[in-house]
Each structure stands twice: as structure tokens, then as C-alpha cells.
*Asks:* 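Quick one: the structure is below, and I'll ask about it shortly.
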Amino acid sequence: MIKPTLAAALTFAALAAQFPAQAAEPVIGLITKTETNPFFVKMKEGASAEAKAKGAKLLSGAGKTDGDNAGQVAAMENMIAAGAKTILITPSDAKAIIPAIKKAQEKGVMVIALDSPTDPQSATDALFATDNYKAGVLIGEYAKAAMAGKPVKIATLDLFPGHPVGAQRHNGFLQGFGLKSNDAKNNELARPAEVVCMADSFGDRAKGQTAMENCLQKNPDINLVYTINEPAAAGAFNALQKSGKDKNVMIVSVDGGCDGIKDVTAGKIAATSQQYPLKMAAMGVAAGVDYATTGKKVSGYTDTGVTLIAAKPVAGIDSKDTKVGTDLCWGKK
């Protein structure tokens, strides 16, 4: 056997230092509420692009429907088993997901909520999201000014009970309109007398249409509709159109997706608060790569912005037109 000389050993060490072994690519998981909602499709696009740019591996998963906590828990467990050290999640159930998050954190996984906070918000390491209460306030203020003092009978097509995003948008809308409401920390839906119908749409077009049809049966004089998102707004418009009431009812919504902005342009939605899921996802991936390389975790809440988009400007209300909305829809540059 030939023993290596000291000089040879030193030479090998020098070469090893010059050409270190390549570090394993960071593994980051993204768990959305569903795979089909355009909002989450765009979020996945943003995460995928950022992961490719940063040299990270992205794992993706989702619940079968909005509210499918078990599906999200299973996705989280699978991602941890596959080596994910950061998981980005839009929680379907703000409370029920917390035990799974704690288990992940105990294994050294950083968990960042995107778009939707947990309840309490502090259960995740960080939150990158729209100020959903502000998003509601903006469309409430617009509707108030556009109605110009006309008495209102309001229908709200909400998400489902107890979800922070649904509550913040709903209560923010009422606050912006100047009606009795709850603050941003309260997950109960306020119902002042002007709200004559409240229904859960689950953010879904078909369910939104059914909800609007039911509301019209209860009160055919509804003249203002708030919806949790633009798919629900599209469903509401279909119901109004079928009943011949689409010309006399104002719809306001939240999301600012590319299809939603088309509906604003077409006059189906009067105004929407635009948010930026692509930006949320890209920031989450960047934070995950930083954690993998430096061990530094992000913390607290980062506001990813919101813009009021309206087809027709109203005096005293700061809004952008649909061209701007199209140029920026969901973070597209």
C-alpha cells in the first residue's frame, strides 16, 4: 500500500477548498387551498419562477377544495418527508392547521403563511399577505361614494364562517361604507340592518351564483353586492343577469385577477381591490432560500400591497383604471 505523503495530502486539501462539494439545492414546499382557483395558479407560477431563479427545488400541493384541512396536512407531512425546510401555505382552516404547523416547526421547518393568516397569526414564522381589511375598506368607500346617498340593500357573498380573510374583507367593506362593523381582529361577520342577505360562496363561481339566486328570492330589491372574490362576483352577475337585474345592481369585489379586471372593464364588477399573489409567493421562496443558506428566519407580517381598480372614477376616491389593473394583475410585470 502506498501511503500519501504530507505534501500530497496538503495539495488535496487545497483543491478541496478551491472546489467545494456542491451544496444540495434548497427544498421549498408550497401548499395552496386548491389547485384550480386562478389566484393560486398564479401563486404557484410565482413560486416556480423564483425557485428556478434561485436554484431551489419547489414541491407543490393543495387541498381538494377550499376548506380541506386534511388535504393540506397530508401535503405538509409529505413535503417534510421529502426534505422541505421551508413550507409556504395558504391555510384553508386557520385554526385546525396549527398542530401540523407546530410539528413542522419542531423539526426545524420554517413555515410562512401566504395570503391567509392562521388564527392566531403568530402560529407561523411569518405572513406575506394583502391587508385584507384595507382591501375591504377600499371597495366599501368606493361603493359608498358611487351610491351617492341612495339607500342600500346589501347582499354579501362571503367565504365560509370563521376564516380570517373572509371576515376581514367583509368587515372592512362595511367599515369603508360607513356601516356598523367589527375591527380587523374580529373573525365574526358583522351584519348591520342594511345587509339583507348573507351567504357563503366558498369563493366559487357556481356557488356564488346559487348564493345570489337565493338572496334575490329573499329580497328582490338588493342593489349592492359585496363578494369575497371575483369568481363569486362572476357567479353573482350571472344570477343578476338571468333575473334581469344586472343593470340596477352594483357589485364590488376583491382580488384583481386578470379575468376579474376584464369583468371590471366589461362593467360586470364596478370596482375591485387588487392584490399580488405572485409577489407573495416569490418573497416566500426567497425567504426559504435565505433560511437554507444562512439559517436566518423571517418573522412578522409583510404587507404585499393592495390597489383599488375601478372602471369609472368617483370623486374623492383614489383609484386606478383597468389599464393599470391589467398591467399589474396579480403581480404580472
Side-chain angles (χ1 to χ4, degrees), residues 28-37 39-40 43-44 47 59-82 84-133 136 156-171 182-190 198-204 207 211 228-229 231-232 254 275 277 280-281 284 288 297-301:
I28 297 169
L30 171 67
I31 304 172
T32 53
K33 294 177 184 178
T34 72
E35 291 181 331
T36 55
N37 186 312
F39 183 90
F40 301 120
M43 184 174 279
K44 185 177 177 180
L59 307 176
S60 62
K64 293 180 180 179
T65 59
D66 204 330
D68 178 16
N69 182 68
Q72 290 197 320
V73 170
M76 185 175 290
E77 291 173 347
N78 291 338
M79 288 175 181
I80 294 170
K85 291 302 179 184
T86 294
I87 292 177
L88 315 174
I89 185 168
T90 62
S92 274
D93 190 313
K95 292 183 178 180
I97 194 65
I98 290 177
I101 290 173
K102 287 183 177 179
K103 287 181 181 179
Q105 291 168 327
E106 288 168 359
K107 295 179 180 180
V109 177
M110 179 171 68
V111 181
I112 300 173
L114 304 181
D115 176 57
S116 303
T118 49
D119 183 11
Q121 182 178 307
S122 58
T124 54
D125 293 285
L127 169 66
F128 298 154
T130 307
D131 182 337
N132 283 290
Y133 197 84
T156 68
L157 304 192
D158 299 297
L159 190 55
F160 52 81
H163 198 287
V165 169
Q168 289 166 15
R169 293 183 184 183
H170 172 107
N171 292 332
N182 295 326
D183 63 31
K185 295 180 180 179
N186 192 327
N187 289 335
E188 296 297 321
L189 303 183
M198 289 170 55
D200 297 329
S201 72
F202 292 83
D204 178 80
K207 290 184 175 67
I228 180 66
N229 66 4
V254 178
Q275 51 181 345
M280 298 173 197
K297 292 183 177 181
V298 290
S299 62
Y301 167 58

*Asks:* So, taking the atom named CG in D115 and the one named OG1 in T130, what distance separates them when rounded to the nearest 0.5 Å?
*Replies:*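 Answer for the CG-OG1 pair, D115 versus T130, is 6.0 Å.
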*Asks:* Mind jotting down which residue pairs meet the salt bridge (charged side-chain N to carboxylate O under 4.0 Å, His left out) criterion with at least one end in residues 66-79? Sequence neighbours excluded, please.
*Replies:*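 Non-adjacent pairs meeting salt bridge (charged side-chain N to carboxylate O under 4.0 Å, His left out): zero.
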*Asks:* Would you name the heavy atoms of L189 and A167 that are closest together and state the gap between them?
*Replies:* CD2-CA, 3.5 Å
*Asks:* State which residues pass side-chain hydrogen bond (donor to acceptor under 3.5 Å, both in side chains) with S201; sequence neighbours excluded, sorted by chain then number.
*Replies:*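 By the side-chain hydrogen bond (donor to acceptor under 3.5 Å, both in side chains) rule, S201 matches no residue at all.
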*Asks:* Examine distances only and state if a side-chain atom of H163 and a backbone atom of P91 form a donor-acceptor pair shorter than 3.5 Å.
*Replies:*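 Side chain of H163 to backbone of P91: a pair is present.
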*Asks:* Closest heavy-atom contact between A211 and D200?
*Replies:* CB-O, 4.3 Å
*Asks:* Please identify each residue that fulfils side-chain hydrogen bond (donor to acceptor under 3.5 Å, both in side chains) with T156, with sequence neighbours left out.
*Replies:*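 By the side-chain hydrogen bond (donor to acceptor under 3.5 Å, both in side chains) rule, T156 matches D158.
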*Asks:* Ignoring hydrogens and geometry, is there a side-chain-to-backbone donor-acceptor pair from T90 to K33 under 3.5 Å?
*Replies:* yes
*Asks:* Roughly how far apart are M76 CE and I89 CD1, rounded to 0.5 Å?
*Replies:*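 So the CE of M76 and the CD1 of I89 are separated by 4.0 Å.
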*Asks:* Using atom types as modelled and distance alone, determine if a side-chain donor or acceptor of D119 lies under 3.5 Å from a backbone N or O of P164.
*Replies:* no
*Asks:* What distance separates L88 CG from L114 CG, expressed to the nearest 0.5 Å?
*Replies:* 5.0 Å
*Asks:* Would you compute the distance between atom CZ of F202 and atom OG1 of T34 and round it to the nearest 0.5 angstrom?
*Replies:* 13.0 Å
*Asks:* What heavy-atom pair brings N37 and G203 nearest, and what distance separates the two atoms?
*Replies:* ND2-O, 4.3 Å
*Asks:* Can you give me the closest heavy-atom contact between F160 and G67, atom names plus distance?
*Replies:* CZ-CA, 4.2 Å
*Asks:* Would you please name every residue forming a side-chain hydrogen bond (donor to acceptor under 3.5 Å, both in side chains) with K44, sequence neighbours left out?
*Replies:* S60
*Asks:* Indicate yes or no for a side-chain donor-acceptor contact from E35 to the backbone of G61 under 3.5 Å, with no hydrogens or angles considered.
*Replies:* no
*Asks:* Which pairs would a plain distance check flag for residues 104-111, meaning a side-chain donor or acceptor within less than 3.5 Å of a matching protein atom at least two apart in sequence or in another chain?
*Replies:*
from	atom 1	to	atom 2	distance (Å)
Q105	NE2	A123	O	3.1
Q105	NE2	D125	OD2	3.3

*Asks:* Would you compute the distance between atom CG of D93 and atom CD of Q72 and round it to the nearest 0.5 angstrom?
*Replies:* 9.0 Å
*Asks:* Does the side chain of I97 reach to within under 4.5 Å of the side chain of S92, using non-hydrogen atoms?
*Replies:* no
*Asks:* Nearest 0.5 Å, please: how far is CE in M280 from CG in L127?
*Replies:* 8.5 Å
*Asks:* Over all heavy atoms of both residues, which pair between A126 and V298 is shortest? Give the atoms and the distance, please.
*Replies:* CB-CG2, 3.6 Å
*Asks:* Side chains of N186 and N171: donor-acceptor distance under 3.5 Å anywhere?
*Replies:*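 Absent: no donor and acceptor within the cut-off.
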*Asks:* What pairs with D131 under side-chain contact (heavy atoms from CB on, under 4.5 Å), at least two apart in sequence or on another chain?
*Replies:* Y133, K134, Y301, D303
*Asks:* Measure across G288 and T86 and return the closest heavy-atom pair with its distance rounded to 0.1 Å.
*Replies:*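 That would be CA-OG1, 3.4 Å.
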*Asks:* Do P117 and V165 have side-chain heavy atoms sitting under 4.5 Å apart?
*Replies:* yes
